[in-house]
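Here is the naming used below: chain letters follow the sequence lines, and residue numbers restart at 1 for every chain. Note that these values count all heavy atoms, side chains included, but never hydrogens, waters or copies made by symmetry. All of these numbers come straight from a predicted model, not from anything done at the bench.
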Protein chains: 2
Amino acid sequence: MLHEEVVGRIRDILLDGEIPPGARIPERELCERLEISRTPLREALKVLAAEGLVQLLPHRGSRAAKLTDKDMRDLFEVCQGLEALAGELACERITDHEIAEIAAAHAAMVQHYREGDLIQYYRGNRAIHEGIVNAAGNPVLTGLYASVTARIRRARYVTPMTPQRWALAVTEHEAILNALQRRDGVGLSHILRAHLRHKREEVLQAGFAETETSEPALKIA
Amino acid sequence: MLHEEVVGRIRDILLDGEIPPGARIPERELCERLEISRTPLREALKVLAAEGLVQLLPHRGSRAAKLTDKDMRDLFEVCQGLEALAGELACERITDHEIAEIAAAHAAMVQHYREGDLIQYYRGNRAIHEGIVNAAGNPVLTGLYASVTARIRRARYVTPMTPQRWALAVTEHEAILNALQRRDGVGLSHILRAHLRHKREEVLQAGFAETETSEPALKIA
DNA sequence: ACTCTCTATTTTGAATGCAAAAATGATCCA
DNA sequence: TGGATCATTTTTGCATTCAAAATAGAGAGT
């Protein structure tokens, strides 16, 4: 089995929330499940630790990284910065074809919004933002963005999507698309920052689904 | 020996240019030198591959990542974005003490500049930028910045530092410090972008020291 | 009954061993 | 002499094994 595959599969397990944040990662169990030995598993865990998804405790095993409110704030801040950068770069380089694709994703997303399909809406939302990042034509940026968004998604926060918020988000997305079509880098950068700031406010206000560690609470004296 | 230590030591070896970009990483040799077995070494290599410093070729070993001009451009773009973000955040959060430290680093750097000490000048330069990033108080940002700058430094480009360029860089640093003291986030962000753009132009114009792979050239048919 | 300590078990971290793939080079043929 | 093919050696990737550390548990002492 390829090393990369193991990393990918464990990453998925973590992103799916199958192992909740803070919970211990059962080495032996995962080995059996993936039908590999501990060597490649441990290699994968080290890589994921470098990515920030796993926390290694010397001689005490590895845990799914636990994200504090501060961590989430930090991640959103960086995400915001990366998207703003991507927006500026994308305006310089994006092709008409790529714009059309993003426009299509936007249209699909609006449709899902009208139908009230939250899951599909999120998917479309993600497609738009990833489209912009890809259009920046900078693989380094793409990689960092993927890493940061993965960690954010990991938190599996539940945003109470009020109609007002949906409407705001859709409006902002329209503005984003508009700026892209006008190739207005600075304008897009500002919109993206505002957009993400709104999203961050939602998230932090709601708090994110603090999935319990699958362990007994600490005995406090 | 701690796993982290191995990663750090190999990273240093790579950053020192001891293994030139594109060159094969001699597994056996490194094992002997670090007095470890292949297991922790390979773990470290996988981590460094995730960081982008090492390139893994299935069944063909690992090589020190080779950076193309495009890679360098991409890295500089992202570095620029991260610094701009850091500057904005730093203006909101930086303490007088931190400003004083950066001011001290700046003063020291100017002194080295006057003395023509390039090495120390670079060191001071780095201290200033790292100071700003740290002042942003965002560990996620700090981590990504460290990773990106490490890869850039890895390239060991040789910039022909003309007096004009030095003067420009020093002037820009003064402006940076000034904006920080005024807590002018937007202004600082712009200065940092311009500053890095200048630096990037130098680098790309000069080309970077394309250290030869320590291998015979490919036999071309 | 509670806690402390000492031992046994489990788990982690690293070394070694083994099979498969690639690189090397030696031989054979045109 | 040049090139191709096959055997040998080396290297890679993973499994297994082993020592050390941590955890859990039993027993003794207060």
Side-chain angles (χ1 to χ4, degrees), chain A residues 1-11 13-14 18-20 22-51 53-66 213-221, chain B residues 1-14 18-20 22-51 53-66 212-221:
Chain A
M1 189 185 283
L2 224 53
H3 160 77
E4 237 177 83
E5 199 186 321
V6 177
V7 175
R9 289 195 60 181
I10 299 175
R11 204 202 323 264
I13 289 174
L14 291 171
E18 204 174 315
I19 298 175
R24 214 155 157 218
I25 294 175
E27 226 174 70
R28 180 155 300 284
E29 231 175 84
L30 272 182
C31 284
E32 286 167 19
R33 180 162 150 195
L34 302 183
E35 290 174 301
I36 55 174
S37 81
R38 283 179 56 221
T39 308
L41 179 77
R42 299 184 85 257
E43 286 174 353
L45 289 177
K46 300 248 155 78
V47 170
L48 292 168
E51 281 181 29
L53 281 171
V54 165
Q55 188 182 5
L56 298 174
L57 300 97
H59 291 286
R60 277 197 230 156
S62 39
R63 298 172 164 270
K66 192 161 184 172
T213 71
S214 61
E215 293 202 323
L218 288 172
K219 297 160 221 157
I220 302 195
Chain B
M1 189 184 282
L2 222 53
H3 159 78
E4 237 177 83
E5 198 186 322
V6 178
V7 174
R9 288 194 61 181
I10 300 176
R11 205 202 323 264
D12 287 343
I13 289 174
L14 291 171
E18 205 174 314
I19 298 176
R24 206 136 175 270
I25 293 174
E27 226 174 70
R28 177 159 299 287
E29 233 175 81
L30 273 182
C31 284
E32 287 167 16
R33 180 161 150 197
L34 302 183
E35 290 173 304
I36 54 174
S37 80
R38 282 179 55 222
T39 307
L41 179 76
R42 300 185 83 258
E43 286 175 354
L45 289 177
K46 300 249 155 78
V47 170
L48 292 168
E51 280 181 30
L53 282 171
V54 165
Q55 187 182 7
L56 298 175
L57 300 95
H59 290 285
R60 276 197 231 158
S62 39
R63 297 171 165 273
K66 192 161 184 173
E212 286 305 309
T213 73
S214 62
E215 293 202 322
L218 288 172
K219 298 160 221 157
I220 304 197

Knowing that exactly one of B/Ile25, B/Val6, B/Leu53 qualifies, which makes a side-chain contact (heavy atoms from CB on, under 4.5 Å) with B/Leu45?
B/Ile25

Please work out if A/Arg42 contacts a base, only the sugar-phosphate, or nothing of the nucleic acid, heavy-atom cut-off 4.0 Å.
base

If you assign A/Glu35 and B/Glu27 each to the DNA chain D nucleotide with the nearest heavy atom, which residue ends up on the more 5' nucleotide?
B/Glu27

I'd like to know if the side chain of A/Arg24 reaches the main chain of A/Arg63, judged simply by a donor and an acceptor atom lying under 3.5 Å from each other, with no hydrogens or angles considered.
no

Of the nucleotides C/dT16, C/dT11, D/dT23, which has the atom closest to the A/Arg24 side chain?
C/dT11

Would you indicate, yes or no, if D/dA15 has its OP1 or OP2 atom less than 4.0 angstrom from a side-chain nitrogen or oxygen of B/Arg38?
no

To the nearest Å, give me how far apart CD (B/Glu4) and P (C/dG13) are.
12 Å

Atom CD1 of A/Ile25 and atom P of C/dG13 are separated, to the nearest Å, by 12 Å

Quick check: do A/Ile36 and A/Leu30 have side-chain heavy atoms less than 4.5 Å from each other?
no

Between A/Ser37 and D/dA15, does any side-chain N or O lie under 4.0 Å from OP1 or OP2?
yes

Side chain of A/Pro40 (C-beta onward), nearest among C/dA14, D/dA21, D/dC14
D/dC14

Please determine, for the side chain of B/His59, which listed nucleotide (C/dA15, D/dA22, D/dG13) has the closest atom?
D/dG13

Salt bridge flag under 4.0 Å for residues B/Glu18 and B/Arg33:
yes

Within the structure shown, what part of the strands sits under 4.0 Å from B/Leu56 by heavy-atom distance: base, sugar-phosphate, or nothing?
nothing

Nearest-Å distance for atom pair CD/C1', residues A/Glu43 and D/dT12
11 Å

Should A/Arg60 be listed as having a side-chain N or O under 4.0 Å from OP1 or OP2 of D/dT23?
yes

